Every structure is written in structure tokens, then in C-alpha cells.
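Report on one structure; see the data block that follows.
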Amino acid sequence: MMDIDPLVVLNDTLARDIPITRVMGISADDYDGNRLKLTAPAAPNLNDKQTAFAGSSYSIAAVCGWSLLFVKLLEREIDADIAVYKGEIKYIKPAVGDFYAVCVSPGPEIIEDLFAALATRKKTKIALDTTVYDAKGPVVNFTGGYAVRIMG
């Protein structure tokens with residue numbers, strides 16, 4: 001395993017390669033090997049009702065799943081391309097104030113299946129669940145379909 005801080009690499013990658021994350025103020029601020037958290041301030045994400053724009057909620061959720069995969073691949077030193085190919089979202093209530101997204105890794109057997117598929121077929125797909133929260137609780141449930149392909 002590489003001796004690096006995965007959050008530093010992830011935040012650099014988001015800022016460089018996914019420009020909307022800079023505009024939205026998204027940053028990765030917690031990762032424990034199983035659970036990844038992205039945060040976003042309210043100000044650049046407000047709609048006309050002074051709640052989070054629905055597109056911002058969708059974006060942080062989709063990027064959170066992408067980010068969890070990015071970090072899992074980074075930990076194994078695997079250079080792969082990740083793309084969202086499908087997303088299903090349920091808006092529970094408007095987000096008021098700053099908000100954050102949490103994606104929890106599926107069970108270890110699912111992650112091992114992902115790495116085994118990459119080793120043999122060089123590509124695979126996985127579904128990940130992300131929840132977006134504001135200070136009072138959940139505001140969005142998102143399930144993303146992610147395609148992963150070995151580079152080169």
C-alpha cells in the first residue's frame with residue numbers, strides 16, 4: 001500500500017479533474033477505510049428558495065461514490081478510469097445550510113469481486129449508495145452505477 005494521505009490525493013484530483021467540485025466548494029474531509037465523507041458549503045449551492053439546489057445534491061452524491069472508488073483503487077495502486085453511468089435519486093427534503101454526502105463501502109466480498117473482475121476482465125461495474133445530509137438529517141438517497149476500467 002502507498003504511504004500517502006488518500007484525502008490529499010482525492011482533493012487534489014477533484015479540484016484538478018472535476019471542476020464543478022471547485023465551484024461547489026466540495027471537499028473530502030473524512031475517510032476511515034470504509035466510509036467517505038464529502039462536504040459542501042451552502043452559499044455556492046443555493047437555489048431561489050435559499051436551500052441547496054437539487055443539482056448540487058445530485059452532484060455531491062454522484063461524486064461521493066466516484067470518490068470512494070477512486071480511494072479504494074488508490075489504496076491498491078490501480079490506475080483506472082471511473083465513470084457514472086446511471087443514477088437514481090430520491091429527494092427527501094430540501095437541504096438547509098451546509099450539507100455533506102456519505103458513501104459507505106459495500107461489504108468486503110463485493111469490493112474483492114470488483115478487484116477480481118478488474119484483474120481478469122480489466123473492466124467492471126458496481127452500484128454504490130450515498131446519502132446526503134444537512135444539519136438536521138438525511139436529505140437525499142442516491143444509488144449510482146459506476147463503470148470502472150483499467151487504464152492502458
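Predicted model only: the values in this text are computed from it and were never measured. Quick note: residue numbers are just sequence positions, from 1.
Closest heavy-atom contact between Ser59 and Met24: CB-SD, 3.7 Å. The nearest pair of heavy atoms linking Asn11 to Ala28 is OD1-N, 2.8 Å. Residues Pro94 and Val139 come closest through the heavy atom pair O-CG1, 3.9 Å. In terms of heavy atoms, Ser57 sits closest to Val132 at O-CG2, 3.9 Å. For the pair Cys103 and Thr130, the tightest heavy-atom approach, listed with the atom from each and the gap, is CB-OG1, 3.5 Å.
Thr21 places a side-chain N or O within 3.5 Å of a backbone atom of Leu14 that can act as its donor or acceptor partner. Judged by distance alone, with hydrogens and angles left aside, the side-chain atoms of Asp98 form a donor-acceptor pair with the main-chain N or O of Ala42 at under 3.5 Å. Trp66 places a side-chain N or O within 3.5 Å of a backbone atom of Ile82 that can act as its donor or acceptor partner. No donor-acceptor pair under 3.5 Å is formed between the side chain of Asp79 and the backbone N or O of Met151. A side-chain donor-acceptor contact under 3.5 Å links Tyr91 to the backbone of Ala54. In this structure a side-chain-to-backbone donor-acceptor pair under 3.5 Å is missing from Tyr146 to Thr124. Panel note: side chain Lys72, backbone Gly33; a donor-acceptor pair is recorded below 3.5 Å.
Taking CG of Leu128 as the reference point, atom CD1 of Ile110 lies at 9.0 Å (rounded to 0.5 Å). Distance check: Ser67 OG to Ile18 CD1 gives 6.5 Å after rounding to the nearest 0.5 Å. In this structure, CG in Leu7 is found 7.0 Å from CG in Asp30, a value given to the nearest 0.5 Å. Rounding to the nearest 0.5 Å places CG of Leu114 at 6.5 Å from CG of Leu69. Phe53 CZ to Asn47 CG: the interatomic distance, rounded to the nearest 0.5 Å, is 8.0 Å. For the atom pair CG (Leu38) and CZ (Phe99), the distance works out to 10.5 Å, reported to the nearest 0.5 Å.
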For the pair Ile60 and Asn45, evaluate side-chain contact (heavy atoms from CB on, under 4.5 Å) and give the outcome as yes or no after the intermediate values.
CA-CA 11 Å; Ile60 196 171; Asn45 296 290; over 6 Å; no
May I have the step-by-step check of side-chain contact (heavy atoms from CB on, under 4.5 Å) for Leu68 and Tyr31, ending in yes or no?
CA-CA 9 Å; Leu68 179 71; Tyr31 175 66; 3.9 Å; yes
Any chance you could lay out the side-chain contact (heavy atoms from CB on, under 4.5 Å) test for Lys93 and Thr51, step after step, and finish with the verdict?
CA-CA 10 Å; Lys93 68 177 190 76; Thr51 59; over 6 Å; no
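Ring orientation note: the planes of Tyr100 and Tyr133 are close to parallel, at an angle under 30° on the 30°/60° scale.
Cluster annotation: Ile126 and Phe115 are assigned to the same hydrophobic cluster (Ile/Leu/Val/Met/Phe/Trp/Tyr, side-chain heavy-atom contacts under 4.5 Å, transitive). Hydrophobic cluster membership differs between Tyr85 and Val63, with clusters built from Ile, Leu, Val, Met, Phe, Trp and Tyr side chains linked at under 4.5 angstrom. Both Leu74 and Val148 are part of a single hydrophobic cluster, where members link through side-chain heavy atoms under 4.5 Å apart. Hydrophobic clustering (ILVMFWY, side-chain heavy atoms < 4.5 Å, transitive): Ile4 and Val71 are in one cluster.
Side-chain contact between Lys136 and Val96: absent, with no pair of heavy atoms (C-beta onward) separated by less than 4.5 Å. Looking at heavy atoms from C-beta onward, Leu118 lies in side-chain contact with Ile150 at the 4.5 angstrom threshold. Residues Pro106 and Ile111 are in side-chain contact: their nearest non-hydrogen atoms beyond the backbone lie under 4.5 Å apart. For the pair Lys125/Lys86, no side-chain contact is recorded, criterion being any heavy-atom separation below 4.5 Å from C-beta on. Side-chain contact check for Asp129 versus Asn141: every heavy-atom pair is 4.5 Å or farther apart. Proximity of Phe70 to Leu10: side-chain heavy atoms (C-beta onward) are separated by under 4.5 Å at one or more points.
Heavy-atom contacts from other residues, nucleotides or ligands closer than 6.0 Å to CD1 of Ile20 number 12 or fewer.
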